[in-house]
Amino acid sequence: MRINKLFSNYGICSRKETNKLIEEGRITVNGEKCIAGQWVELSDIILLDGKEIEEKEKIYIALNKPRGIVCTASEMKDNNIIQYLGLNQYVFPIGRLDKDSQGLIILTNDGELANKVLEAENNHEKEYIVTLDKEFTDDFIENMEKGVEILGRITKPCKLKRIDERTYSIILTQGLNRQIRRMSKVFGYNVVKLERIRIINIILDDLEYGKWRYISEDEISKLIAEF
């Protein structure tokens, strides 16, 4: 595999940060300075700052993301999720939750698991609680469930359940850009609050707004079993 993928899978740093380390000449492979995009084998002797690299202990975090926090690891973005967490360990968010939304986001240093989750994004459930700016009809639920034309395509069928006059739960198996907001807008409704409460088997449960917790080994085992 490429060197930057290995570093990501090992939980050392991101692929982009690996490229920076290569540019700075801090990585060697079998005694030679590493080059950008270099392919490596697990049997190679790979040194970072003169020390052989080791796979980091995997970290899995569930965060109840507040509104206003941006789901990016880029230090160039204000209010980014990594700054918000304030950890001294390398992690990154799996997928996104837009700035105006709140709720469950998973962060990890496990590049391999992250790739599996993202590759399977259109096949596994994510659940949200949505509040609209006005009361909606039963026809709205039926039409949303059938699929809505947004971004030049028809969304996959989904499951909705009324909670009250302006609030519903929705289960999606795809993740188009601002999908729920765009779908609701087609029928003349604006989303005033959007909260993700579940990703596959990982649930928000009673995790307080703005707080985070480590995901248990049992939860991760069940998540991995989905793939």
Side-chain angles (χ1 to χ4, degrees), residues 8-15 17 55-75 77-131 158-159 161 163 167-181 191 193-227:
S8 177
N9 286 355
Y10 269 27
I12 297 171
C13 63
S14 70
R15 299 187 187 196
E17 289 169 337
E55 188 170 3
K56 301 290 186 181
E57 181 181 357
K58 294 297 186 287
I59 301 169
Y60 306 97
I61 288 172
L63 167 68
N64 188 344
K65 184 190 90 67
R67 295 178 65 178
I69 298 301
V70 183
C71 287
T72 178
S74 172
E75 296 180 355
K77 290 281 189 180
D78 292 334
N79 298 320
N80 72 71
I81 198 167
I82 303 305
Q83 290 176 340
Y84 179 81
L85 279 177
L87 294 180
N88 58 3
Q89 297 165 294
Y90 164 65
V91 293
F92 58 89
I94 301 179
R96 306 181 71 84
L97 191 60
D98 70 63
K99 184 177 180 180
D100 297 325
S101 299
Q102 64 189 69
L104 180 62
I105 189 84
I106 298 173
L107 299 102
T108 186
N109 61 353
D110 187 341
E112 188 173 0
L113 176 64
N115 289 335
K116 288 180 180 179
V117 173
L118 294 174
E119 288 170 2
E121 187 174 31
N122 288 348
N123 297 304
H124 293 280
E125 292 184 348
K126 290 174 290 185
E127 186 172 358
Y128 304 79
I129 302 295
V130 186
T131 302
C158 57
K159 301 174 185 176
K161 182 179 180 181
I163 296 176
T167 307
Y168 63 90
S169 65
I170 182 171
I171 298 174
L172 299 178
T173 55
Q174 68 185 136
L176 302 179
N177 181 254
R178 297 176 72 86
Q179 180 171 345
I180 297 171
R181 297 179 187 276
V191 172
K193 182 180 179 182
L194 193 155
E195 180 182 25
R196 183 159 64 197
I197 60 172
R198 177 171 66 90
I199 300 173
I200 311 177
N201 67 301
I202 309 300
I203 60 175
L204 199 58
D205 203 14
D206 58 355
L207 183 62
E208 292 182 22
Y209 179 74
K211 302 296 185 180
W212 63 270
R213 66 174 177 85
Y214 288 111
I215 299 173
S216 71
E217 291 183 8
D218 182 56
E219 288 174 299
I220 292 300
S221 295
K222 290 178 180 177
L223 179 62
I224 291 172
E226 291 290 329
F227 307 112

- Query: Going through the checks in order, is the side chain to side chain contact (heavy atoms under 4.5 Å, CB included) test met by Glu125 and Lys159?
  - Reply: CA-CA 10 Å; Glu125 292 184 348; Lys159 301 174 185 176; 3.7 Å; yes
- Are any non-hydrogen side-chain atoms of Pro66 and Tyr84 less than 4.5 angstrom apart? yes
- Check: Leu87 and Trp212 side chains under 4.5 Å, non-hydrogen atoms: yes
- Message: Please check: side-chain N/O of Arg67 versus main-chain N/O of Asp100, any donor-acceptor pairing under 3.5 Å?
- Response: yes
- Enter the distance from Lys161:NZ to Ile170:CD1 here, rounded to the nearest 0.5 Å. 14.5 Å
- Message: Tell me the closest heavy-atom pair linking Leu207 and Lys211, and the distance in Å.
- Response: CD2-O, 3.6 Å
- Task: Mind checking the CD-CD spacing from Gln179 to Gln174? Nearest 0.5 Å is all I need.
- Result: 4.0 Å
- Task: Return the minimal non-hydrogen interatomic distance between Glu17 and Cys13, and the atom names on each side.
- Result: OE1-CB, 3.2 Å
- Query: Within a strict 4.5 Å, meaning less than it, do heavy atoms of the Lys222 and Asp218 side chains meet?
  - Reply: yes
- Without swapping roles, check the side chain of Ser8 against the backbone of Ser14 for a donor-acceptor pair under 3.5 Å. no
- Query: Would Asn64 and Glu208 count as a side chain to side chain contact (heavy atoms under 4.5 Å, CB included) if you check the C-alpha gap in whole Å, the side-chain angles of each, and the deciding distance to 0.1 Å?
  - Reply: CA-CA 7 Å; Asn64 188 344; Glu208 292 182 22; 5.8 Å; no
- Can you name the one residue among Leu63, Ile81, Ile61, Val70 that meets side chain to side chain contact (heavy atoms under 4.5 Å, CB included) with Pro93? Ile81
- Beyond-backbone contact of Ile203 with Glu127, side-chain heavy atoms, under 4.5 angstrom: no
- Task: Taking all heavy atoms of Gln83 and all of Lys77, pick out the closest pair and write down the distance.
- Result: OE1-O, 4.1 Å
- Query: How far apart are the closest heavy atoms of Cys71 and Ile105, and which atoms are they?
  - Reply: SG-CD1, 3.9 Å
- Message: A quick test of your reading: do over 12 heavy atoms of other residues, nucleotides or ligands sit less than 6.0 Å from CD of Glu112?
- Response: no
- Query: side chain to side chain donor-acceptor pair (under 3.5 Å) with Tyr60: which of Asp110, Asn109, Thr108?
  - Reply: Asp110
- Message: Once rounded to the nearest 0.5 Å, what's the spacing between atom CG of Asn9 and atom CG of Leu113?
- Response: 10.5 Å
- Ile129/Thr167 under side chain to side chain contact (heavy atoms under 4.5 Å, CB included): CA gap, chis, key distance, verdict: CA-CA 7 Å; Ile129 302 295; Thr167 307; 3.7 Å; yes
- Task: Specify whether Tyr90 and Phe92 have parallel, tilted or perpendicular ring planes, treating 30° as the upper limit for parallel and 60° as the lower limit for perpendicular.
- Result: tilted
- Can you establish whether the number of heavy atoms outside Lys58 located under 6.0 Å from its atom NZ is more than 12? yes
- Item | CA sep, side-chain torsions, deciding dist, call: Phe227, Asn115, side chain to side chain contact (heavy atoms under 4.5 Å, CB included) | CA-CA 11 Å; Phe227 307 112; Asn115 289 335; over 6 Å; no
- Item | From Ile197 atom CD1 to Ile202 atom CD1, the distance as rounded to the nearest 0.5 Å | 13.5 Å
- Query: Which of these, Arg181, Lys65, Arg96, sits in a side chain to side chain donor-acceptor pair (under 3.5 Å) with Ser101?
  - Reply: Arg181
- Task: Verify, without hydrogens or angle tests, whether Arg196 (side chain) and Leu104 (backbone) share a donor-acceptor contact under 3.5 angstrom.
- Result: yes
- Any side-chain heavy atom of Val91 within less than 4.5 Å of one from Ile82? yes
- Straight-line distance of Ile215 CD1 to Ile106 CD1, nearest 0.5 Å: 4.5 Å
